[in-house]
Amino acid sequence: MNRDDFMGDPVDVAPWLLNKVLERAGRAGRIVEVEAYKGAVDPASHAYRGQTARTAVMFGPPAHLYVYFTYGMHWCANVVCGPEGQAAAVLIRALAPLRGLEEMRRARPAARRDRDLCNGPAKLCQALGITGADNGTYLLSGLAGAAGSAGAAGSAGAPGAAGSAGAPGSAAVRLLDDGTPPPGRPAQGGRIGIRVATEEPWRFWVAGEECVSR
DNA sequence: CTTTGGATCGTCT
DNA sequence: GACGATCCAAAGG
């Protein structure tokens, strides 16, 4: 897994991200649901009406984390993809918890069952402790063959402020490939929670997975 | 199980 | 000044 894997169209990158692992501070989960947002040509994308302070990271280099705040109380996380200058991203909608379950339960007392820990875009950020401070984080730091971070300008806090890259248990948000391939035939359908372009089938999930959002 | 309404504030018009 | 790429508790079947 390297930076070039994130250069493509978000509709291609999104299903490829399924079964990868998102990790932070010892808490980790397998990505089981994603949505593609196509930037300038997608009315549902935050980047549709051009670059703003909030969306700056989306316009930067790929394989970085775009974190936004919504509904006055929730954080959501995206993986930036496509070439620099084109604002494309993949929203991470659900994880199947893998490690650090005790920490996640502590961070999300409202979750009654373990499958409720990360089965929504804001839930998984709460479970992993992802906030605006993580906006702009390079997701491949510390991986073999990965070069350094380029950082990015942002607005929601301190972009790329995460600590020493690559150290096990570091506070940095990272994307890992544990060898599990993406599903050969992922389930696909319309995106959730938007008012426009709802018919575009750009939501992908692992068929039969119990940790997919409601 | 499903449906409904309230919470809450950064961002852009 | 309006509105979210949402979540949760409560209420009804």
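Quick caveat, the model's predicted, so the values are computed rather than measured. Residue numbers begin at 1 in each chain, while the letters A, B, ... track the order of the sequences.
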Rounded interatomic separation in angstrom, taking [atom1] from [X] and [atom2] from [N]:
X      : N     : atom1 : atom2 : result
A:E33  : C:dT6 : CD    : C1'   : 13 Å
A:I130 : C:dT6 : CD1   : C1'   : 16 Å
A:M73  : C:dC3 : CE    : P     : 16 Å
A:E35  : C:dA5 : CD    : P     : 11 Å
A:Q126 : C:dC7 : CD    : C1'   : 9 Å
A:W75  : C:dG4 : CH2   : C1'   : 14 Å
A:Y37  : C:dA5 : OH    : P     : 7 Å
A:I92  : C:dT6 : CD1   : C1'   : 16 Å

With sequence neighbours left out, the residues meeting side-chain contact (heavy atoms from CB on, under 4.5 Å) with A:V41 are A:K38
With sequence neighbours excluded, give me every side-chain hydrogen bond (donor to acceptor under 3.5 Å, both in side chains) pair touching residues 205-214 of chain A.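 For residues 205-214 of chain A: A:E33-A:S213, A:R93-A:S213, A:R115-A:E210.
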If you only use heavy atoms from C-beta on, which nucleotide in [options] is closest to the side chain of [X]?
X      : options              : value
A:H74  : C:dA5, B:dC12, C:dC7 : C:dC7
A:F69  : B:dC12, B:dC9, C:dG4 : B:dC9
A:Y66  : B:dC12, B:dA7, C:dA5 : C:dA5
A:R108 : B:dT8, C:dA5, C:dC7  : C:dC7

Pairwise salt bridge (Lys or Arg N to Asp or Glu O under 4.0 Å) hits with a residue in residues 184-198 of chain A, at least two apart: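 Counting only pairs at least two positions apart or across chains, the salt bridge (Lys or Arg N to Asp or Glu O under 4.0 Å) contacts touching residues 184-198 of chain A are A:D42-A:R191.
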Counting only distance, no hydrogens or angles, is the base of B:dA7 paired donor-acceptor with the side chain of A:Y71 under 3.5 Å? no
Quick check on C:dC3: is either OP1 or OP2 less than 4.0 Å from any side-chain nitrogen or oxygen of A:R195? no
Verify the contact: side-chain N or O of A:T52 to OP1 or OP2 of B:dC12, cut-off strictly under 4.0 Å; return yes or no.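 A:T52 to B:dC12 OP1/OP2: side-chain N or O found under 4.0 Å.
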Please classify the nucleic acid contact of [X] as base, sugar-phosphate, or nothing, using heavy-atom distances under 4.0 Å.
X      : answer
A:R203 : nothing
A:L91  : base
A:A122 : sugar-phosphate
A:R214 : sugar-phosphate
A:R93  : sugar-phosphate

If we count only N and O atoms by modelled type, under 3.5 Å, do the side chains of A:T180 and A:R30 hold a donor and an acceptor together?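 Distance-only check passes for A:T180 and A:R30.
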Main chain of A:A47, side chain of A:S45: is a donor-acceptor contact present, judged purely on distance under 3.5 Å? yes
What does the 5'-to-3' dot-bracket notation of DNA chain B look like when only Watson-Crick and G-U wobble pairs under 3.5 Å count, and pairs to other strands show as |? |||||||.||||.
Partners of A:E199 by salt bridge (Lys or Arg N to Asp or Glu O under 4.0 Å), sequence neighbours excluded?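 Expected list: none.
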Within the 4.5 Å heavy-atom criterion, are A:V34 and A:L18 side-chain neighbours or not? yes
Tell me which pairs pass ring pair (Phe, Tyr, Trp, His ring centres under 6.0 Å) where either residue lies in residues 13-54 of chain A, with sequence neighbours left out. A:F6-A:W16, A:H46-A:Y68
Of A:I194 and A:K123, the one whose closest nucleotide on DNA chain C sits nearer the 5' end is A:I194
